[in-house]
**Student:** 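This is the structure I have questions about; it appears just below.
The shown structure was predicted, so the numbers you read here are calculated from the model rather than taken from an experiment.
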Amino acid sequence: QVQLVESGGGLVRPGDSLRLSCAASGRTSTISALGWFRQTPGKEREFVAAITWNGGNSMYADSENGRVTISLDNAKNTGFLQIHRLTSEDTALYYCAVTTTLTIQPEPATYPYWGQGTQVTVSS
């Protein structure tokens, strides 16, 4: 089992940048990839970015247009999602998730372990 705790969300202004964190615990040696997703009420969970646990490969949603950077600190078993030039459309509950059996994938169903999410609200 792997436990995940997200942090770093909050109320930010349009144009700001934000870094979200995802701390993993438990059987972290079994993790093969970490992904970030977001969800707004009434909509499906949306892929943002993913990275292999060794940091060797990453994937981003086409819609992010270079505004997003995913990274890891393996020594601390922590993943990060940096978002630049935030807009109101970035307002969502952001989740991190990990998989232990597959390489990076954009589909939420391929990630068995999820955090509780951290809310990001972009408003002036």
Side-chain angles (χ1 to χ4, degrees):
Q1 294 286 335
V2 178
Q3 295 78 42
L4 302 172
V5 178
E6 302 96 336
S7 61
L11 176 63
V12 295
R13 295 185 180 276
D16 284 353
S17 296
L18 191 68
R19 189 177 79 160
L20 305 179
S21 299
C22 172
S25 60
R27 299 185 64 187
T28 57
S29 62
T30 65
I31 297 173
S32 60
L34 179 145
W36 283 96
F37 299 81
R38 65 185 182 187
Q39 190 170 24
T40 54
K43 293 188 177 181
E44 294 185 353
R45 202 160 291 187
E46 176 188 24
F47 172 73
V48 178
I51 189 168
T52 52
W53 197 242
N54 63 9
N57 194 18
S58 58
M59 175 189 295
Y60 295 91
D62 292 339
S63 59
E64 295 310 325
N65 295 321
R67 295 189 307 124
V68 171
T69 302
I70 190 170
S71 61
L72 294 169
D73 183 340
N74 289 113
K76 297 182 179 180
N77 292 318
T78 301
F80 303 98
L81 184 73
Q82 182 93 34
I83 313 173
H84 300 286
R85 304 187 300 280
L86 285 154
T87 74
S88 60
E89 293 186 353
D90 294 313
T91 295
L93 187 60
Y94 283 74
Y95 297 91
C96 66
V98 298
T99 181
T100 61
T101 59
L102 298 174
T103 56
I104 51 175
Q105 299 284 342
E107 294 83 15
T110 62
Y111 294 80
Y113 302 106
W114 290 80
Q116 294 300 307
T118 184
Q119 178 68 38
V120 174
T121 302
V122 184
S123 175
S124 56

**Student:** Is the side chain of R67 donor-acceptor paired with the backbone N or O of I83 at a distance under 3.5 Å, no angle test?
**Tutor:** no
**Student:** I want to check something: taking the side chain as every heavy atom from C-beta on, are N57 and I104 in contact at a cut-off of under 4.5 Å?
**Tutor:** yes
**Student:** Hey, what do you get for CG (L18) to CG (L81), rounding to the nearest 0.5 Å?
**Tutor:** 8.5 Å
**Student:** For W53 and S32, what are the C-alpha separation, side-chain angles and deciding distance, and is it a side chain to side chain contact (heavy atoms under 4.5 Å, CB included)?
**Tutor:** CA-CA 5 Å; W53 197 242; S32 60; 5.6 Å; no
**Student:** Any side-chain to backbone donor/acceptor pair from T78 onto K76? Under 3.5 Å, distance only.
**Tutor:** yes
**Student:** Using 0.5 Å steps for rounding, measure from the OG1 atom of T30 to the CD atom of Q1.
**Tutor:** 9.5 Å
**Student:** Within the 4.5 Å heavy-atom criterion, are R38 and F47 side-chain neighbours or not?
**Tutor:** no
**Student:** Take Q119 and L11 through the test side chain to side chain contact (heavy atoms under 4.5 Å, CB included) and record every step on the way to the result.
**Tutor:** CA-CA 8 Å; Q119 178 68 38; L11 176 63; over 6 Å; no
**Student:** Report yes if some heavy atom in the side chain of T99 is under 4.5 Å from a heavy atom in the side chain of P112; otherwise report no.
**Tutor:** yes
**Student:** In Å, rounded to the nearest 0.5 Å, how long is the span from CD of Q116 to CD of E6?
**Tutor:** 7.5 Å
**Student:** Pick from Y94, F37, W36: which one makes a ring pair (Phe, Tyr, Trp, His ring centres under 6.0 Å) with W114?
**Tutor:** F37
**Student:** Grab the two heavy atoms, one from S124 and one from P14, that are nearest each other, plus how far apart they are.
**Tutor:** N-CD, 3.7 Å
**Student:** Counting distance only, does the side-chain N/O of Y60 pair as donor-acceptor with the main-chain N or O of I70 below 3.5 Å?
**Tutor:** yes
**Student:** Measuring from I31:CD1 to L4:CG, what's the distance to the nearest 0.5 Å?
**Tutor:** 6.5 Å
**Student:** Let me check something: do Y95 and Y111 share a hydrophobic cluster, defined by ILVMFWY side-chain heavy atoms less than 4.5 Å apart, either directly or through other members?
**Tutor:** yes
**Student:** If we only count heavy atoms from C-beta on, is the S25 to N77 side-chain gap below 4.5 Å?
**Tutor:** no
**Student:** Determine the minimum heavy-atom distance between Q105 and T110, stating which atoms define it.
**Tutor:** CB-OG1, 3.4 Å
**Student:** From I51 CD1 over to M59 CE, what is the distance, rounded to the nearest 0.5 angstrom?
**Tutor:** 11.5 Å
**Student:** Does one hydrophobic cluster hold both V68 and L20, with members joined at side-chain heavy-atom distances below 4.5 Å?
**Tutor:** yes
**Student:** Would you call R85-D16 a salt bridge at under 4.0 Å N-O?
**Tutor:** no
**Student:** Working to the nearest 0.5 Å, report the span between CG of L34 and OG of S58.
**Tutor:** 12.0 Å
**Student:** Is a side-chain donor-acceptor pair under 3.5 Å present for R19 with Q82?
**Tutor:** no
